[in-house]
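Below you'll find the structure, written out as structure tokens, and then a few comments.
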2 protein chains.
Amino acid sequence: MVAYLCPFDMKRDIFQAIADPTRRAIIALIALQAMTPNAIAENFHTTRQAVSKHLRILTECELVTQEQKGREIYYRLKIDKMKEIDEWLEQYRKIWESRFEQLDTLLSELKQQENMR
Amino acid sequence: MVAYLCPFDMKRDIFQAIADPTRRAIIALIALQAMTPNAIAENFHTTRQAVSKHLRILTECELVTQEQKGREIYYRLKIDKMKEIDEWLEQYRKIWESRFEQLDTLLSELKQQENMR
DNA sequence: CAAGTATGCAACCATTCAGTTGCATATGTC
DNA sequence: GACATATGCAACTGAATGGTTGCATACTTG
């Protein structure tokens with residue numbers, strides 16, 4: 001829940017944030033180690049400003065945090081925020097696990113019938 | 001990996017498919033029970049054609065399948081495809097679980113030190 | 001079989017988006 | 001302190017997107 005909504009603040013949710021392949025790649029890059037915009041940009045063929053734009057979006061979605069050290073800014077992945085996707089996925093995980101269990105039960109019953117012959 | 005890319009076929013990946021709130025709502029709607037476009041559209045304030053468009057996108061991304069019965073088409077969620085998101089999330093799950101274990105270990109050590117006083 | 005119902009697609013429109021260019025500000029170095 | 005480096009933002013552009021309107025096709029009903 002955000003305190004307020006501006007025309008550009010928090011206008012995207014986390015799913016919109018990860019929809020872009022470049023942003024997913026940035027997330028993967030900084031997953032284990034915070035990195036600076038220049039260090040991140042070195043891994044892409046686009047401009048540094050394009051990467052900076054993506055970092056702003058990820059920051060607005062609270063997926064990353066900034067940590068300034070002199071003129072360098074370190075962007076760190078807020079791993080806890082990724083749990084929001086996991087929590088959303090939980091409802092579907094229950095469904096596919098439920099179906100897997102149903103299949104497992106069916107297979108067991110079929111095996112039992114097989115053994116009774 | 002798709003066999004080929006057309007200007008509109010499979011041009012979105014599953015993350016782009018779930019980026020739109022309406023499509024996520026459609027997914028939730030048909031998660032347990034296949035539904036027809038009209039039945040789905042009854043839950044939204046947009047036009048039936050807008051819903052139809054979203055269903056096409058979800059179909060192209062292999063998130064749903066179609067099952068025609070007379071003039072009615074039943075759209076069913078391909079729950080297995082949702083695992084693709086889970087698989088992508090696995091790399092981050094390992095990170096937050098690892099950090100949780102590190103925290104747990106630290107707490108245990110602190111408790112041991114507490115007991116030695 | 002005419003009328004009703006279900007459904008998708010093309011064209012259009014306004015908005016959003018991703019990347020680029022240009023520029024400004026802040027920090028570090030020599 | 002001049003110069004180099006790090007970084008973000010505004011403006012622009014072309015492409016993509018989501019919703020609407022109009023229309024066509026297929027199936028159902030009376």
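Note that this is a predicted model, so its numbers are computed, not measured. Atom set for the values below is all heavy atoms of this structure, side chains included, hydrogens, waters and symmetry mates excluded.
When the side-chain nitrogen and oxygen atoms of A:Ser52 are compared with OP1 and OP2 of D:dT7, none of them lie within a distance under 4.0 Å. A:His54 has no side-chain polar atom (N or O) that falls below the 4.0 Å cut-off from OP1 or OP2 of C:dC17.
Side chain A:Lys53 to base C:dG19: a donor-acceptor pair is found below 3.5 Å. For B:Gln66 against C:dG8, no side-chain N or O and base N or O form a donor-acceptor pair under 3.5 Å. No hydrogens or angles were tested; on distance alone, a donor-acceptor pair under 3.5 Å links the side chain of A:Arg48 to the base of D:dG8.
A residue-by-residue look at A:His45 and A:Gly70 shows that A:His45 has its nearest nucleotide of DNA chain C further toward the 5' end. DNA chain D is contacted by both B:Thr22 and A:Tyr74; A:Tyr74 maps to the nucleotide lying nearer its 5′ end (nearest heavy atom per residue). If you find the closest nucleotide of DNA chain C to B:Leu55 and to A:Gln68, the one lying nearer the 5' end belongs to B:Leu55.
Put simply, CD on A:Gln49 is 14 Å from C1' on D:dT5, counting in whole angstrom units. Atom CZ of B:Phe44 is separated from atom C1' of D:dG19 by 14 Å (rounded to the nearest Å). With rounding to whole Å, A:Glu60 atom CD is found 12 Å from D:dG8 atom C1'. Taking atom CG of residue A:Leu58 and atom P of nucleotide D:dT7, one finds them 16 Å apart after rounding to whole Å. Whole-Å rounding puts the B:Glu67 CD to C:dT7 C1' distance at 16 Å. B:Arg56 places its CZ atom 14 Å from the C1' atom of D:dT20, with the value rounded to the nearest Å. For the pair A:Ile40 CD1 and C:dG19 C1', the interatomic distance rounds to 17 Å; values are reported in whole Å. The nearest whole Å value for the distance from the CD1 atom in B:Ile73 to the P atom in D:dT25 is 16 Å.
Closest to the B:Asn38 side chain, of the nucleotides C:dT7, C:dG8, D:dG8, is C:dT7. Comparing atom distances between the A:Arg23 side chain and each of D:dG8, D:dG19, C:dA18 picks out C:dA18 as nearest. In this structure, the nucleotide among C:dT20, C:dG8, D:dG18 sitting nearest to the side chain of B:Arg12 is D:dG18. The side chain of A:Arg71 approaches D:dT5 more closely than any other nucleotide in the set D:dT5, D:dT17, C:dG22. Nearest nucleotide to the side chain of B:Thr36, out of D:dG18, C:dA6, C:dT7: C:dT7.
Side chain of A:Asn43 to backbone of A:Ile40: a donor-acceptor contact under 3.5 angstrom is found. Side-chain atoms of A:Glu97 never come within 3.5 Å of backbone atoms of A:Arg99 as a donor-acceptor pair (strictly under, hydrogens ignored). Judged purely by atom type and a 3.5 angstrom limit, B:Glu84 has no side-chain atom pairing as donor or acceptor with the backbone of B:Lys81.
If you check every strand for non-hydrogen atoms under 4.0 Å, A:Glu72 touches sugar and phosphate atoms only. Backbone-only engagement by B:Thr46 is indicated by non-hydrogen atom pairs under 4.0 Å involving sugar-phosphate atoms exclusively.
With 3.5 Å as the limit, one finds no donor-acceptor pair spanning the side chains of A:Gln66 and A:Tyr74.
In terms of hydrophobic clustering, with Ile, Leu, Val, Met, Phe, Trp and Tyr side chains grouped at heavy-atom distances under 4.5 Å, B:Leu32 and A:Trp88 are assigned to a common cluster.
With rounding to the nearest 0.5 Å, the separation of CD1 in B:Ile14 from CD in B:Glu62 is 9.0 Å.
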